[in-house]
J.: 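I have a structure here, written as structure tokens, and I will follow up with some questions on it.
Since we're looking at a predicted model, the values are computed, not measured.
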Amino acid sequence: MTYKVVQARLGEILRLLEDKAFQKALQDSVGNAEGKHERVAASYPYLKELAKKVKEAEEKVLADLDHYIDMTIRSVEKNKGVPHLARDAEEARRIVLDIAGECRGPIVMSKSMVAEEVGLREFLEGEGFEVWETDLGQLLIQLERGRPMHTTAPAIHMTVERARGLVRERLGLEIPEGAGPEDIVAAVRGFLREKFVAACLGISGANAVAADTGAIVLVENEGNIRLTTGLPPVHVAITGVDKILPTLQDAVAEALVQAAWAGLYPPTYLNIIAGPSNTADIQHKRVYGAHGPKEFHLILLDNGRREAAKFEPLGEQLRCIRCGRCQWECPVWQQTANKWGGPVYGGPMGMGWTAITYSMREAAELSLLCLGCGRCDVVCPVEIPLSRIIRWLKTRAHTS
Ligand code: SF4
């Protein structure tokens, strides 16, 4: 049996190991991330119990996924939002295109791995729209024409020099030679402010979706999500069906756990969005379209998730809250970042996600590069059996 994917990827990885700038940026980022979660966990002991509750809530949904999808759809409708269930990436892209319609201004996006999964930005650009990522790391990825190297920190492979160069060359912003991150952030803030105000459509992901209320929860630090979801007249949230939790309380808990295991706790902002903006200030009659968006759409993406939910151990990957903790901890990922992975998801969590959303064969071959140390199992807040999933995939590399 030949392993074409692994052979091709090994060449790329060997080149990366020699890439001094990539390795310096990655090693600095890994060093900066080290111990962050441990310090958060020591300061806020309740988080461990909260993670346990999130795991229980996730298990409940996965055992009856279709029921919770239906409940979410009904709840979003009750809030005067528009729910969509997309079978695959193509359907999700078409739904967004229909909504964008005659949209004449820029489209602003906040970071979403599901948007990456369906290739949404590139698709909309190809359809002639002006599209901007508003998360700084994700904007750098857009400018580089690359892909995210970590779930919560997409541009960890870039040095300050590289980030500065991209912003200067591709956005034409004046940033002095030798300027640091603060100057880059300030310049990008000025550039994006105009895009937020002029945008005809805002696209976000969702950390969690509450089936009981139809509310989505988004956690962030930059403040770009509040602007993306609050300023344009139309807001589209796109996320996987795996992000559904039974209640709003569970959904908020998931977002807090995600922030804590990402090492960024407390999160600066927690957004809850349940439908279009509205007011009942005149004679207590509800009117839609106040200061925020007039329209709210929620796209729930299947793309292999409902099928995967039926299988052990792969289905367990669907409980992943994308905190990225397993990536920081993995000795292979620490050298390669998401170059060890499929087209979107990389590192330990990326094996299962690639199998579910992209290609079982590709995931099976990529899993052969795992050293089997098991550190990912130990650090995952919701106890996803990552090494068991990877071992299962390895057996498929030899049999499929
Ligand atoms: S598998 Fe676990 S540790 Fe890794 S990103 Fe998902 S939730 Fe976080």
Side-chain angles (χ1 to χ4, degrees), residues 50-51 53-87 91-92 95-96 99 109-118 120 151 202-220 225-226 228-230 235-259 267 269-276 292-293 295-306 308-309 315 317-323 353 356-357 382:
L50 207 60
K53 291 206 168 104
V54 169
K55 181 188 174 210
E56 286 162 10
E58 289 174 325
E59 285 169 342
K60 207 164 149 187
V61 172
L62 279 189
D64 205 356
L65 188 52
D66 284 340
H67 162 73
Y68 281 99
I69 292 172
D70 286 346
M71 197 196 289
T72 305
I73 287 172
R74 283 199 306 275
S75 299
V76 171
E77 282 168 347
K78 254 192 233 161
N79 298 337
K80 305 284 185 229
V82 187
H84 309 261
L85 181 59
R87 265 167 310 188
E91 198 170 353
I95 292 168
V96 177
I99 297 167
M109 294 180 71
S110 63
K111 193 175 85 58
S112 156
M113 290 306 283
V114 171
E116 279 287 322
E117 184 183 318
V118 305
L120 194 54
T151 306
I203 299 175
S204 74
N207 287 95
V209 181
D212 64 342
T213 51
I216 65 167
V217 179
L218 291 138
V219 66
E220 62 161 331
I225 295 183
R226 346 199 90 190
T228 299
T229 61
H235 169 206
V236 176
I238 177 165
T239 195
V241 292
D242 53 290
K243 289 299 179 85
I244 296 173
L245 286 160
T247 67
L248 182 52
Q249 194 177 3
D250 298 321
V252 170
E254 197 211 86
L256 293 178
V257 170
Q258 198 263 11
Y269 304 110
L270 194 63
N271 305 284
I272 297 176
I273 298 167
E295 265 182 57
F296 168 74
H297 296 259
L298 175 63
I299 302 175
L300 294 167
L301 179 69
D302 179 353
N303 208 25
R305 289 163 170 82
R306 282 194 288 183
Q317 188 67 60
L318 296 166
R319 296 192 292 98
C320 171
I321 59 172
R322 315 260 177 93
C323 65
W353 279 117
I356 294 167
T357 62
V382 287

J.: Does any non-hydrogen side-chain atom of Met109 lie less than 4.5 Å from one of Thr228?
T.: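 They are not in contact (no side-chain heavy atoms under 4.5 Å apart), so the answer is no.
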
J.: So, Glu116 and Arg322, do they make that salt bridge, N to O below 4.0 Å?
T.: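 Result for this pair is no, no salt bridge flagged.
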
J.: Please assess Arg74 against Lys78 for the test side-chain contact (heavy atoms from CB on, under 4.5 Å), listing each intermediate value before the final yes or no.
T.: CA-CA 6 Å; Arg74 283 199 306 275; Lys78 254 192 233 161; 5.6 Å; no

J.: With a sphere of 6.0 Å drawn around CD of Glu77, does it hold more than 12 non-hydrogen atoms of other residues, nucleotides or ligands?
T.: yes

J.: Please confirm whether the backbone N or O of Arg226 pairs with a side-chain atom of Glu220, one donor and one acceptor, at under 3.5 Å?
T.: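 Between the backbone of Arg226 and the side chain of Glu220 there is a qualifying donor-acceptor contact (under 3.5 Å).
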
J.: Step by step, would you call Tyr68 with Ile73 a side-chain contact (heavy atoms from CB on, under 4.5 Å)?
T.: CA-CA 9 Å; Tyr68 281 99; Ile73 287 172; over 6 Å; no

J.: Side-chain contact test, heavy atoms from C-beta onward, threshold under 4.5 Å: evaluate it for Asp242 versus Trp353 and give yes or no.
T.: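 Asp242 reaches Trp353 side chain to side chain.
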
J.: Just by modelled atom types, is the Phe296 backbone N or O under 3.5 Å from a matching donor or acceptor in the Lys80 side chain?
T.: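 Between the backbone of Phe296 and the side chain of Lys80 there is no qualifying donor-acceptor contact (under 3.5 Å).
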
J.: Return the minimal non-hydrogen interatomic distance between Leu248 and Ala215, and the atom names on each side.
T.: CD1-CB, 3.9 Å

J.: Working to the nearest 0.5 Å, report the span between NE2 of His297 and NE2 of His235.
T.: 10.5 Å

J.: Under the side-chain contact (heavy atoms from CB on, under 4.5 Å) criterion, do Ile272 and Thr213 qualify, and how do the steps go?
T.: CA-CA 11 Å; Ile272 297 176; Thr213 51; over 6 Å; no

J.: If you look at every heavy atom in Gln258 and Cys323, which pair is closest and at what distance?
T.: O-CB, 3.8 Å

J.: Apply side chain to side chain contact (heavy atoms under 4.5 Å, CB included) to Glu56 and list each qualifying residue two or more places apart in sequence or on a separate chain.
T.: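 Checked Glu56 against side chain to side chain contact (heavy atoms under 4.5 Å, CB included); matches are Lys52.
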
J.: Report yes if the side chains of Thr357 and Leu301 come closer than 4.5 Å at any heavy-atom pair, otherwise no.
T.: no

J.: Ignoring hydrogens and geometry, is there a side-chain-to-backbone donor-acceptor pair from Thr239 to Ala206 under 3.5 Å?
T.: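 Yes; at least one donor-acceptor contact below 3.5 Å.
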
J.: Do Arg306 and Ile69 touch side chain to side chain, with heavy atoms closer than 4.5 Å?
T.: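 Yes - at least one pair of side-chain heavy atoms lies under 4.5 Å apart.
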
J.: Report yes or no: does Thr247 contribute a side-chain atom to a donor-acceptor pair with the main-chain N or O of Asp212 at less than 3.5 Å?
T.: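 Checked: no pair found.
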
J.: Would you compute the distance between atom CD1 of Ile273 and atom OG1 of Thr229 and round it to the nearest 0.5 angstrom?
T.: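 One gets 3.5 Å once the value is rounded to the nearest 0.5 Å.
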
J.: Looking at every heavy atom in both Ala92 and Ile238, which two are closest together, and how far apart are they?
T.: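 Nearest heavy atoms, Ala92 then Ile238: CB-CD1, 4.1 Å.
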
J.: What distance separates Ile216 CD1 from Leu298 CG, expressed to the nearest 0.5 Å?
T.: 6.5 Å

J.: Report the residue from Val219, Asn207, Val217, Leu50 that forms a side-chain contact (heavy atoms from CB on, under 4.5 Å) with Leu256.
T.: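 In the set Val219, Asn207, Val217, Leu50, the residue that makes a side-chain contact (heavy atoms from CB on, under 4.5 Å) with Leu256 is Leu50.
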
J.: Does Arg305 reach the main-chain N or O of Gly240 with its side chain, forming a donor-acceptor pair under 3.5 Å?
T.: no

J.: What are the two closest heavy atoms between Gly205 and Leu218, and how far apart are they?
T.: O-CD2, 3.1 Å

J.: Okay, side chain of Asp302, backbone of Val241: is any donor-acceptor separation there less than 3.5 Å?
T.: no

J.: Do Glu58 and Ile321 come within less than 4.5 Å of each other through their side chains, counting heavy atoms only?
T.: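 SC-SC contact between Glu58 and Ile321 confirmed.
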
J.: Any chance you could measure Ile356, atom CD1, to Gln317, atom CD, to the nearest 0.5 Å?
T.: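 Interatomic distance, Ile356 CD1 to Gln317 CD, rounded to 0.5 Å: 5.5 Å.
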
J.: Hey, what do you get for NE2 (His67) to OG1 (Thr72), rounding to the nearest 0.5 Å?
T.: 9.0 Å

J.: For side-chain contact (heavy atoms from CB on, under 4.5 Å), just list the numbers for Asp250 and Lys60, CA-CA rounded to whole Å, side-chain angles, deciding distance to a tenth of an Å, and then say yes or no.
T.: CA-CA 11 Å; Asp250 298 321; Lys60 207 164 149 187; over 6 Å; no

J.: So, for Leu245 and Ala208, which heavy atoms are closest and what is the spacing to 0.1 Å?
T.: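 Closest pair (atom of Leu245, atom of Ala208, distance): CD1-CB, 4.1 Å.
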
J.: Considering only heavy atoms from C-beta outward, does the side chain of Ile99 approach that of His84 to under 4.5 Å?
T.: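 SC-SC contact between Ile99 and His84 confirmed.
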
J.: Between atom CG of Asp70 and atom CG of Leu85, what is the distance when rounded to the nearest 0.5 Å?
T.: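 Asp70 CG to Leu85 CG: 8.5 Å, rounded to 0.5 Å.
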
J.: Looking only at heavy atoms, what is the nearest atom pair of Ser75 and Ala211, with distance?
T.: OG-O, 2.6 Å

